[in-house]
Amino acid sequence: MKHMNIHPVVCAEGNYYMICIPVSKKALMSVFVNGEEYTNDKCGVKISNCYVQKFEIPKKTLDLAKAYTVTYEIIYREAYCSKKEPPVSLTFSFCPIEKRDDIHIYHLSDVHGREAAAIRTGGFFSEKLDLLVLNGDISSSTQTAGESLLPLKIAYAITHGEKPCIITRGNHDLRGKYAERIGEFYPLCNDKFYYTVKLGPLWCLILDCGEDKNDDHREYAGTIAFHKYRQMETEFIKNVIKNSEREYQAKDVIFKCVISHIPFMHTDYDPAKGIHEFDIEIDTYTKWVQMLNNEIKPHFGLFGHVHQVGVLEGAGKYNNKGFAAPIILGGKPENNTVYGCAVTLKEKTAEILFTDETHCVVSSRIISL
Ligand SMILES: [Fe+2]
């Protein structure tokens with residue numbers, strides 16, 4: 001009898017959890033929650049030939065059940081009477097965020113392939129972890145399926161399928177053969193990488209800048225079209241504001257944050273180098289900052305991309321568009337290691353610790369909420 005490893009990752013998005021399970025064999029797979037079956041099918045046909053099996057479970061359902069069972073049968077698909085191995089089932093417990101404070105979030109970004117170090121660094125909170133954020137550039141490209149699977153691999157190693165995760169897309173995730181198939185590997189919400197999610201008292205706006213240079217840059221050889229995508233994202237943010245009472249102004253929301261791989265309040269212009277190629281979408285990103293400052297008023301933002309750890313408040317090198325909330329730069333690769341960011345949300349403050357793979361705190365900051 002053949003088996004395969006089942007390593008689920010519970011990704012939070014909109015009103016759903018997307019349970020993502022990398023698979024190494026062709027199999028029919030279902031997830032059961034409270035006895036109800038959720039299938040991975042396309043227009044009625046169950047998917048058995050894929051890299052990642054994905055299941056959308058309503059948030060409320062899994063939050064109440066606090067457990068799910070994955071069942072699979074390895075299949076040898078034929079036109080009629082396909083052959084199958086005996087079914088295998090595994091049950092996982094799940095811990096939704098139910099606390100009102102003392103919420104532990106760990107943020108990793110810009111791992112750039114340092115798998116073992118990232119798993120050690122991201123294990124800072126151990127069983128106290130409430131939410132894992134993998135904020136882009138976990139691999140340096142998506143040239144292979146293995147690189148594209150790395151965020152899920154790291155997320156499982158840290159959460160064991162028991163804690164919610166938010167997995168965003170970084171600009172390096174758009175580079176390679178599998179970039180056009182990234183939706184097969186990453187959680188998407190309504191086919192987009194921008195969405196909102198509410199986890200207990202925490203409301204998150206996840207934004208996606210795509211690449212860091214203009215669409216016509218020679219490196220991309222015409223493979224990307226992000227200008228219009230970012231304009232659609234502007235309309236999405238406007239809609240979030242229109243629906244504020246169901247979003248960030250909902251009565252159970254205490255903490256509001258924005259999460260993006262690229263810190264879009266930063267116009268990356270270095271006159272010393274004479275390089276202007278990162279100096280893009282100034283009007284669009286300025287509009288995003290204005291909408292955030294004037295309407296949404298997040299308590300803080302979590303960002304990666306610049307390979308720094310630290311908290312920035314007020315105008316400065318990484319904030320020339322005037323983003324009003326503290327900017328947490330939470331991912332730094334260095335030699336063979338990775339630094340990440342541990343956020344603990346308390347009633348009126350957030351404790352920010354920047355930690356290494358030995359769980360030593362290299363710097364810290366308390367911000368008011
Ligand atoms: Fe990046």
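Each residue takes its place number in the sequence, starting with 1. When a ligand or atom number is given, it counts from 1 through the structure's own listing order. The basis for the numbers below is simple: all heavy atoms, side chains too, and nothing from hydrogens, waters or symmetry mates.
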Between His112 and His307, is the gap from one ring center to the other below 6.0 Å? yes
Ring centre gap for Tyr17 and Tyr68 strictly below 6.0 Å: no
Between Glu147 (side chain only) and Gln143 (backbone N and O only), is there a donor and an acceptor less than 3.5 Å apart? yes
Can you tell me if Ser109 has an N, O or S atom under 2.8 Å away from the Fe ion (ligand 1)? no
Regarding Asp110, does it place an N, O or S atom less than 2.8 Å from the Fe ion (ligand 1)? no
Atom name of the N, O or S atom of His305 nearest to the Fe ion (ligand 1) is ND1
Of all the N, O or S atoms in His261, which one sits nearest to the Fe ion (ligand 1)? NE2
Does the distance from a Lys or Arg side-chain N to an Asp or Glu carboxylate O, for Arg175 and Asp212, drop under 4.0 Å? yes
What one should report as the nearest heavy-atom pair of Leu28 and Ser48 is CD2-CB, 4.1 Å
What angle, in degrees and rounded to 10°, do you get at the Fe ion (ligand 1) when you join it to OD1 of Asn171 and to OD2 of Asp137? 90°
